[in-house]
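Below is one structure, written out as structure tokens; the observations come after it.
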Amino acid sequence: LKPISAVARIFFAPRGGAGCCWVDAAMAPQMPPAHVLEACWLCCGPREMSRCRAAFPREEAKLLRWYLTVSLAQRLCPGVARLGAAAGAWGADSPSAGAPPVQSEVIGALRALSRMAFEQREAFLVASSVLHCVDHASAPVRATVLRMLPRLATIPLGASAKEAVVRRLVDGDAEIRIAALAALAALGGRGDPVGARMAADLATRDGEAGVRAHALAAFAALAPSDDPPAVEFLAMFLEDASPEVAEAAGRALPELCSCGRGDARVASLVLARLAHERAEVRCAALGALAIVAAVGDADVLGVVVGCLEDREGCVRRSAIRALVALSTPGQSTVGAAIAACLGDFDDSVQDAAGQALPLLARKDDEAAIHAVSLRLEDPMARNRCSALRAFVHVATKGNGAAISAIAARLEDSIQEVRSTAVVVLAEFADQGNTTALACVLPRASHRSPGVRCEAVRVLGDLAGADDFAVADAIAARIADRDAKVRRAAELSLLKIAWRGGTAFHEHLILGVARHLGHANDEVHRSAVSGLARVAGTGSATAMQAVVRHLGPGWKEMLHSAVQKLPRLHRRGDAVAVAAASACFAHCCGEVRSAAVQVVAQLAEPGDASATQALVCRVQDEAAQVRSGALAALTQVARQGDASPTSATLGRLRDGNATVRCTALVALPRIVGRGDRVAVAHALESLQDEVSDVRKAAVRSLLELSNKGDAKVVAALTRCARNDKDLQVQNAASYALARVEERTPRDASGRKLVLPPLTSLPCALLA
């Protein structure tokens with residue numbers, strides 16, 4: 001208690017006088033620094049504290065200790081009543097009392113106090129100290145104190161707290177009055193007649209709508225439950241000129257009803273306001289009704305549905321919101337009434353109805369479907385679109401009546417409505433739905449291009465498996481005179497291309513291919529584009545039909561499509577082989593090269609047509625294609641066939657070294673061992689100027705010649721001794737030893753291996 005008594009003694013010293021010096025000189029050595037600071041504050045005031053702040057940088061902790069010291073001094077030192085007054089008027093003596101630095105320090109301290117946990121006795125002292133600041137000169141400080149009081153409502157503060165709050169009910173600042181009302185409601189509790197009377201008085205006479213609205217909330221918290229005069233008092237404010245006050249009255253009414261929703265007396269008071277001449281009152285009454293009326297009350301619902309015919313859009317919108325709160329999903333009358341609002345001339349009402357319909361409508365409700373169907377004839381396109389989207393909520397997927405109504409909008413004069421019908425129909429009907437297809441198919445040949453376009457789009461989404469009628473309709477639209485219809489047909493063609501078996505796929509491709517070479521160039525281009533898209537998915541039939549019409553611009557697509565063929569077709573598939581062979585005529589060498597490799601993978605060994613196609617590619621202008629064709633012949637051609645042999649021998653004098661190497665390595669696999677013509681050509685290649693070609697010639701001779709062939713032995717011996725390339729010499733030495741049937745060794749006796757060839761196609765190396 002020594003610091004506390006010291007603080008009490010210092011209080012009686014003149015402010016800023018000897019007491020301050022005594023604190024510095026006498027108390028500082030004996031008291032903790034925090035208490036020294038507290039004593040300096042009480043004696044000196046805010047301005048003189050600047051010299052002490054350097055030692056105590058944390059302002060919140062300083063002020064917190066100061067408040068606790070004041071509280072303890074007030075409790076333990078009777079007779080110093082002036083101490084409480086000084087605390088309440090803290091900073092008021094100074095001209096800078098309301099200055100931001102002082103104000104922020106007080107508010108910071110109050111907030112720090114509100115966040116801390118105290119024991120019961122400490123909490124009482126803290127609350128007492130807080131109350132001293134309720135009359136502070138700074139409005140933000142007063143507001144902070146009042147907002148803290150509801151948190152301290154569990155502490156028995158006695159009448160002083162309520163008296164302090166009541167004084168602030170007449171504060172000149174509206175925010176202070178609102179905070180005081182919240183504190184009054186927290187301190188009073190249910191059934192406080194004095195507090196309720198004060199709140200009612202403020203709700204009646206205050207000039208600020210926000211204050212009156214909060215006063216009604218405080219009145220509802222303080223008035224007795226189920227009190228008829230209190231209920232009537234609140235209901236009276238439903239007619240207030242301020243919408244904020246009227247809405248607050250509606251929210252406050254249920255708080256006075258102990259049974260919650262369904263109080264008939266309260267509901268009747270609210271229903272009576274629905275006939276008021278002012279739209280704001282009717283809106284407020286509907287908002288209150290949504291809170292106080294029983295859910296599913298048929299009488300109340302009937303009245304609210306009647307409000308959907310109100311002349312004011314805000315009332316109709318409020319009625320829709322009330323129906324959402326009061327009705328249960330599946331009530332037929334409510335669903336039909338909400339659906340009828342989709343055609344309201346007020347956009348906000350339409351939006352509210354669109355949001356409410358999924359919550360209230362029962363699926364396949366005939367009344368709701370009929371109401372939505374009527375909206376499809378609305379003169380405004382926006383309303384027709386809203387009605388189309390509403391079908392998803394009022395009818396189950398596949399409902400015949402709904403599908404017919406939606407499909408009829410495909411003939412709408414407005415593009416936006418037709419597009420909405422396409423989207424809704426695709427979402428509403430499953431693929432292969434006969435009702436939907438029967439409605440859409442005739443419109444694919446409609447006189448209006450817009451209708452044809454949307455019909456073709458829908459057909460692409462709804463076509464079932466092996467639907468030849470849809471395939472014919474889409475193929476026919478490739479030749480449409482309207483560019484948008486042709487474009488839609490191309491996209492739908494891609495969607496349904498694989499939606500069936502092989503017969504369906506071929507039927508569709510042939511139907512589109514009929515338009516290739518059309519007299520109208522635009523139709524021809526549409527057919528090419530549509531088939532090329534399908535070919536890009538790996539369709540051999542489409543690729544075979546369209547490849548000769550594809551220019552350089554389709555190079556990447558065609559290259560990718562060709563590479564997909566081996567993954568989608570088995571070896572020996574004649575259609576796939578023909579499709580890849582058709583790509584040999586493309587202008588891009590990369591496409592032809594990829595096609596050559598694919599033919600090698602798909603064609604059966606000995607396939608005469610594939611062999612002949614590859615022989616033609618041996619004469620290709622691109623070296624990579626020639627090399628690839630030679631490599632492919634080793635896998636496809638029959639050994640000893642004249643045509644592949646002649647083509648391979650002709651490439652031994654090719655201008656490209658890689659082609660010559662490939663031909664030399666391929667030659668033994670095409671002609672077989674012991675062919676004298678092939679051996680003679682390989683011997684000539686030992687004189688080639690390129691070392692890789694000479695190495696390939698050595699390898700070829702090794703596989704072509706018979707054991708002990710004198711000409712081959714002599715040629716390899718000269719090559720092993722005289723060739724200027726060491727690898728060629730080693731290759732010749734290796735081949736010579738094998739031909740002579742001995743172990744290949746070099747001059748030092750080490751075993752030789754055949755040098756590799758790295759410039760040949762992967763297929764040959766394998």
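- Residues Met543 and Cys583 are in side-chain contact: their nearest non-hydrogen atoms beyond the backbone lie under 4.5 Å apart.
- Shown here for Leu508 and Ile496, the closest heavy-atom pair between the two residues is CD2-CG1, 3.9 Å.
- Checking side-chain atoms of His586 against main-chain N and O of Gly551 turns up a donor-acceptor pair under 3.5 Å.
- Contact of the Val596 side chain with the Leu614 side chain is registered, since non-hydrogen atoms from C-beta on lie closer than 4.5 Å.
- Remark: side-chain polar atoms of Ser492 are paired, donor with acceptor, to backbone N or O of Val456 under 3.5 angstrom.
- Arg499 and Asp461 are not joined by a salt bridge, as no carboxylate oxygen comes within less than 4.0 angstrom of a charged side-chain nitrogen.
- Using a distance-only test at 3.5 Å, with no hydrogens or angles considered, no donor-acceptor pair links the side chain of Ser593 to the main chain of Gly589.
- Side-chain contact between Arg382 and Asp347 is present, with heavy atoms from C-beta onward closer than 4.5 Å.
- Within the 4.5 Å cutoff, side-chain heavy atoms of Ser529 are placed close to those of Trp554.
- Few gaps surround NZ on Lys397; more than 12 heavy atoms of other groups in view lie less than 6.0 Å from it.
- Listed for the Thr420 side chain is a donor-acceptor partner under 3.5 Å among the backbone atoms of Glu416.
- Within the 3.5 Å criterion, the main-chain N or O of Gly210 finds a donor-acceptor partner in the side chain of His214.
- A salt bridge links Glu377 with Arg409: the closest approach of a Lys/Arg side-chain nitrogen to an acidic carboxylate oxygen falls below 4.0 angstrom.
- Annotation: Arg571, atom CZ; neighbour count of heavy atoms from other residues, nucleotides and ligands within 6.0 Å is above 12.
- Between the side chain of His559 and the backbone N or O of Ala594, no donor-acceptor pair lies under 3.5 Å.
- Ion pairing between a basic and an acidic side chain is recognised when a charged N comes within 4.0 Å of a carboxylate O; Arg452 and Asp482 show no such pairing.
- Here the shortest heavy-atom pairing between Ala479 and Val523 reads CA-CG1, 3.6 Å.
- Side-chain contact between Val270 and Arg273: absent, with no pair of heavy atoms (C-beta onward) separated by less than 4.5 Å.
- Using modelled atom types, one finds no donor on one side chain facing an acceptor on the other under 3.5 Å when comparing His515 with Asn520.
- Residues satisfying the side chain to side chain donor-acceptor pair (under 3.5 Å) criterion with Gln415, sequence neighbours excluded, are Arg418, Ser419, Glu454.
- Residue Glu604 places its CD atom among more than 12 non-hydrogen atoms of other residues, nucleotides or ligands, all under 6.0 Å distant.
- Counting heavy-atom neighbours within 6.0 Å of Arg481 CZ, excluding the residue itself, gives a total of 12 or less.
- Counting only heavy atoms from C-beta outward, the side chains of Leu274 and Leu271 approach each other to under 4.5 Å.
- Side chain of Arg389 to main chain of Val424: no donor-acceptor pair is present (N/O by atom type, distance under 3.5 Å, no hydrogens or angles).
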Please evaluate residues His505 and Thr541 with respect to the criterion side-chain hydrogen bond (donor to acceptor under 3.5 Å, both in side chains), reporting the C-alpha separation (whole Å), side-chain torsions for both, the decisive distance (0.1 Å), and the verdict. CA-CA 8 Å; His505 182 76; Thr541 306; 4.7 Å; no
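- By the 4.0 Å N-to-carboxylate-O rule, Glu522 lies close enough to Arg486 to be salt-bridged with it.
- Counting heavy atoms from C-beta on, the side chains of Val575 and His569 never come closer than 4.5 Å.
- At distances below 3.5 Å, at least one donor-acceptor pair connects side-chain atoms of Asp466 with backbone N or O atoms of Gly501.
- When every heavy atom of Leu308 is checked against every heavy atom of Ala319, the shortest pair comes out as CD2-CB, 3.8 Å.
- By the 4.5 Å heavy-atom criterion applied to side chains, Leu516 and Leu531 are counted as neighbours.
- Using a 3.5 Å distance cut-off with no hydrogens or angles, the side chains of Asp240 and Ser242 do not pair a donor with an acceptor.
- At distances below 3.5 Å, at least one donor-acceptor pair connects side-chain atoms of Lys564 with backbone N or O atoms of Gly536.
- Listed for the Arg317 side chain is no donor-acceptor partner under 3.5 Å among the backbone atoms of Val349.
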